[in-house]
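Okay, structure first, notes after.
Remember, it's a predicted structure, so these values are computed and weren't measured experimentally.
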Amino acid sequence: SGIRSAVDVTVPLKRNIFARMPSELRGGQSFGIHVIFFTQGVNEKQLLADLGIKGGDPQLQDTINLNSLGKLYRFYEKHQEMFSMANSDTQSTVLGVRKLLDELRQTLLAKQPRNIDILTLSGRICRLMYGLRLTSCKSGKDRTAMSCTLEEVLLMKNELSLAPDNFEQALDVIRRRGTRLTNTEKNIGERRYAFSHV
């Protein structure tokens, strides 16, 4: 409900989860969501846009990402105490987020074509600040699957100590046998990814 610039969303919760919510939220108090949008095209159309072919304009993507980075820095500065309180190693969390923000800034300023580091870095920052993140491509299956499976294996590496020698193998197994193939089957009736080549 609501209007375009102020949407009200009601989220149903199980009783046991609802009982653990702060009393203000159980009483119906609303809260805001900060939306920050990073975009990175990775298909053949993005390659043409990066090269300025067929009316492509890579500056639009750069502008969106740099504006979003500014919002993310401001959010970090305003709320760093809040998200660090939930972590036992507060100082390293705050410094880690700041380091990743600076790394994301350098990545954006480098303006490398089809740089997926923009997506992986922004995802790590979001996770450290206890945010929620969505990933989607136009169809919500092929490139989304590649991004989601990469993130899963990065989490295995960063948080579960997956050996570096096993990274590519784990990524291959998840992509060939994982649940993202079920998503493609629901979309196109087959358990396969569809990619185009230039």
Side-chain angles (χ1 to χ4, degrees), residues 34-80 83-84 87 91-172 174-175 180 193 195-198:
H34 296 270
V35 178
I36 299 174
F37 176 71
F38 286 94
T39 179
Q40 179 58 62
V42 294
N43 66 358
E44 70 283 354
K45 290 181 182 176
Q46 184 62 45
L47 175 62
L48 297 175
D50 289 340
L51 297 172
I53 299 172
K54 291 193 175 185
D57 181 10
Q59 289 182 351
L60 175 60
Q61 183 169 268
D62 294 341
T63 300
I64 290 169
N65 288 338
L66 288 171
N67 285 339
S68 295
L69 179 65
K71 289 179 184 179
L72 196 53
Y73 266 115
R74 287 188 295 278
F75 184 86
Y76 165 79
E77 294 296 337
K78 184 176 180 181
H79 299 289
Q80 61 182 303
F83 67 77
S84 64
N87 191 307
Q91 188 65 20
S92 68
T93 299
V94 171
L95 293 175
V97 171
R98 182 60 192 223
K99 180 182 175 197
L100 289 171
L101 281 166
D102 293 342
E103 189 176 338
L104 178 57
R105 180 179 177 275
Q106 291 303 316
T107 300
L108 291 172
L109 293 176
K111 297 185 179 184
Q112 293 178 328
R114 303 196 296 177
N115 190 345
I116 64 165
D117 288 345
I118 293 167
L119 303 177
T120 57
L121 285 168
S122 61
R124 285 180 66 194
I125 293 165
C126 184
R127 184 175 305 284
L128 283 172
M129 293 197 300
Y130 302 98
L132 300 175
R133 196 176 64 74
L134 303 172
T135 297
S136 188
C137 61
K138 184 177 175 183
S139 67
K141 57 181 184 61
D142 300 319
R143 287 171 296 280
T144 300
M146 297 301 106
S147 179
C148 291
T149 53
L150 175 61
E151 183 175 4
E152 289 170 344
V153 178
L154 285 169
L155 285 169
M156 291 167 63
K157 175 185 160 221
N158 295 331
E159 297 182 20
L160 302 174
S161 303
L162 174 70
D165 293 347
N166 295 332
F167 187 91
E168 290 295 328
Q169 180 183 6
L171 185 59
D172 185 57
I174 287 175
R175 287 181 173 169
R180 296 307 304 180
Y193 304 114
F195 292 105
S196 301
H197 299 283
V198 174

Could you tell me the separation between the [atom1] atom of [X] and the [atom2] atom of [Y], rounded to the nearest 0.5 Å?
X	Y	atom1	atom2	value
R175	R180	CZ	CZ	11.5 Å
E77	L72	CD	CG	10.5 Å
T39	I64	OG1	CD1	6.0 Å
L134	C126	CG	SG	9.0 Å
L108	N115	CG	CG	8.5 Å
M156	N166	CE	CG	8.5 Å

Discussion item. With a 3.5 Å distance limit and no angle check, can you tell me whether R74 reaches the backbone of G70 through a side-chain donor-acceptor pair?
Written reply: yes

How close do [X] and [Y] get, counting heavy atoms only, and between which atoms?
X	Y	answer
T135	S147	CG2-OG, 3.4 Å
L150	I116	CD2-CD1, 3.6 Å
L121	T107	CD1-OG1, 3.5 Å
G96	L128	C-CD1, 4.5 Å
N65	F38	OD1-CA, 3.3 Å

Worksheet item: Checking side-chain contact (heavy atoms from CB on, under 4.5 Å) for the pair M129/H34: CA distance, chi angles, key distance, verdict?
Response: CA-CA 12 Å; M129 293 197 300; H34 296 270; over 6 Å; no

Fill in: Within 6.0 Å of CZ in R124, more than 12 heavy atoms from elsewhere
no

Item to complete: Apply side-chain contact (heavy atoms from CB on, under 4.5 Å) to the pair R127 and L155, showing each step before the final yes or no.
Response: CA-CA 10 Å; R127 184 175 305 284; L155 285 169; 3.2 Å; yes

Practice prompt. Flag the pair L154 / L162 as yes when at least one side-chain heavy-atom distance between them is below 4.5 Å, and no otherwise.
Written response: no

Discussion item. For residues 100-113, which residue pairs pass the salt bridge (charged side-chain N to carboxylate O under 4.0 Å, His left out) check, not counting sequence neighbours?
Written reply: R98-D102

